[in-house]
Number of protein chains: 2
Amino acid sequence: MTGQVGGTRESGRARTIPEATVARLAVYLRILSGLGDRQGERESTISSDELARSAGVNSAKLRKDLSFLGTYGIRGVGYDVGTLTEEISRTLGAHRAHRVALVGLGNLGQALAGYPGFAGRGFVISALFDADPGRIGVEVAGHRIQHIDDAIAVCRSSGVTIGVIATPASAAQEVAEALVAAGVRSILNFAPGILTVPDDVEVRHVDLSLELQILAFHESRRVADLPDGTRPEPPRSEPLGPDGLRSAEPSARVATAFPTKSITEAVAVRS
Amino acid sequence: MTGQVGGTRESGRARTIPEATVARLAVYLRILSGLGDRQGERESTISSDELARSAGVNSAKLRKDLSFLGTYGIRGVGYDVGTLTEEISRTLGAHRAHRVALVGLGNLGQALAGYPGFAGRGFVISALFDADPGRIGVEVAGHRIQHIDDAIAVCRSSGVTIGVIATPASAAQEVAEALVAAGVRSILNFAPGILTVPDDVEVRHVDLSLELQILAFHESRRVADLPDGTRPEPPRSEPLGPDGLRSAEPSARVATAFPTKSITEAVAVRS
DNA sequence: AATTGTGAACGTATTCACAGCG
DNA sequence: CGCTGTGAATACGTTCACAATT
């Protein structure tokens, strides 16, 4: 929320790093990491322009981002891949393994438990929790699911620092409180809805239906506004329908309030 | 990327709506929708302050957000829940059902197929695609998985407007191109890595490992700030564990480059 | 000659604070 | 009197453009 995230380093630069930059550093790191073994040749440097293109940003932004880490580039040459990787890695805390507790093992939770991006980048799943008695004891991704009521003890004793919530929305707040009580200060929340936590707890919220609605907004804008044929109504279309059948379906109108509330499965309810 | 998203309405206000506002409108809408039937009583108005609190934003921001839709509040009173719901809904295109194609039915894809947030908010899954021959024909969430090569024909004829990519990273670009060829202009991408698409295609990227890394960064900052300590070693323990149990594990050091590249499952590779 | 690092300009988003209105 | 709507102030983020540097 602050937009600026602090930290002090012994020697030189790097005082605070903007949030937006932190997110991109992770992207750069992924690209740099992939570079290492992908290129058979030993490419040891990369220019801001090249890296920026791979990351889908412009090079000025990239250079400014990197400048928050200190001065690691070589003018006229570029950045040493090894050094840069190391530096970003250090900054992001990617040197350490972080122990993760995953709460809620419905469809989504199970998918997350097996997600290579978790295990593959220094995130170690240390515990799985659920409230459903039918799930307790079941093994998923090499871990036995434990009851959420044991979360405090288990997380504390195993040093969990990151919690992932993949429960229905109705359980999320409660789970968050348990995680906080267990000393977890970083939470990744997949359940819809706001989580209320102490100020020193960092919450990131991934809201799938929100993303879809943002897309839907843009989608609607496309076809809206036909005052003067701005949109060439181009490639798509097809014998899509009788009258200028819109991409969206006007007939299948959707209630504004959410319809069924049918908890088809675990994962996340409502919305 | 413009930060401002356009649209014209016949009568009055609403010219362009900031991206940040669009995202929050979806949040407000969810809250308003939930309000309807949850409160037994017929609460017909809500103040900016109340709604803002539910949404986790401050009330000035909320009012400014709503002001982009037009003037629907009543001074001294608040907003009529019904009107406001309707207005936001219209703006977000939530009146229409949007047809969604989901590509990649590994763990994550299957979880998404059953996700209530998709079906529950006007998003209709119309087709499922995969490239794995072993999955073709399998039924998931009431749909038979089809081969990705058929995506163009199927999406066109069924009027799909939104594509969701839940394949491994290696397949994502190719899939995106197929979707674009099929006329899809809105893509939600769960695969890590950049997607290159034409300018008029809107891509939203959900990157799970990125989120974790951002959390890890903050996690590291918590314990960092040692006067000199090169190796950020012992995070001051909290009222955490018994002995000085560290939040992050210094021993289980993690390679900078990604380790195995083991494509454990579908979902998304590397990172 | 090529490429970094960065101050200054610009654009976007948030917050303040209060006039205007029901 | 309470609450909205919004201009003005501020904070944040991106882009420009060029001097510094290898």
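Here the structure is a predicted model, which means the values were calculated and not measured. Lettering follows sequence order; numbering is per chain, from 1.
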In this structure, how many angstroms lie between the [atom2] atom of [N] and the [atom1] atom of [X], rounded?
X      : N       : atom1 : atom2 : answer
L84(A) : dT3(C)  : CG    : P     : 16 Å
E50(A) : dT4(C)  : CD    : P     : 10 Å
N58(A) : dT6(C)  : CG    : C1'   : 14 Å
D65(A) : dT14(D) : CG    : P     : 7 Å
L62(A) : dT4(C)  : CG    : P     : 8 Å

How does protein contact run along nucleotides 17-22 of chain D, one letter per nucleotide 5' to 3', with B for base contact, S for sugar-phosphate only, - for none, heavy atoms under 4.0 Å? B-BBBB
How would you list, by chain and number, every residue that makes a side-chain contact (heavy atoms from CB on, under 4.5 Å) with [X], sequence neighbours excluded?
X       : value
S59(A)  : S48(A), D49(A), A52(A), R63(A)
A216(B) : H98(A), F123(A)
A176(B) : I165(B), I187(B), L195(B), V197(B)
A55(B)  : V27(B), Y28(B), I31(B), V57(B)

By side chain to side chain donor-acceptor pair (under 3.5 Å), which residues pair with D80(A), not counting sequence neighbours?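 Side chain to side chain donor-acceptor pair (under 3.5 Å) check on D80(A) returns T83(A).
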Would you please name every residue forming a side chain to side chain donor-acceptor pair (under 3.5 Å) with E177(A), sequence neighbours left out?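 Partners of E177(A) by the side chain to side chain donor-acceptor pair (under 3.5 Å) criterion, ordered by chain and then number, come out as Q173(A).
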Hey, could you give me each pair passing salt bridge (charged side-chain N to carboxylate O under 4.0 Å, His left out) that has a residue in residues 65-79 of chain A? Not counting sequence neighbours.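 Checked against salt bridge (charged side-chain N to carboxylate O under 4.0 Å, His left out) - neighbours excluded - the pairs reaching residues 65-79 of chain A are R24(A)-D65(A).
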Does a donor on one side chain sit under 3.5 Å from an acceptor on the other, for R30(A) and S209(B)?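 Result is yes, a qualifying pair exists.
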Take the C1' atoms of the five end pairs on each side of the helix from dA1(C)-dT22(D) to dG22(C)-dC1(D), get both axes, and report the angle to 10 degrees.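 It comes to 10° between the two terminal axes.
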N/O contacts under 3.5 Å, protein versus nucleotides 8-10 of chain D?
| from | atom 1 | to | atom 2 | distance (Å) |
| --- | --- | --- | --- | --- |
| dA8(D) | N6 | K64(B) | NZ | 3.4 |

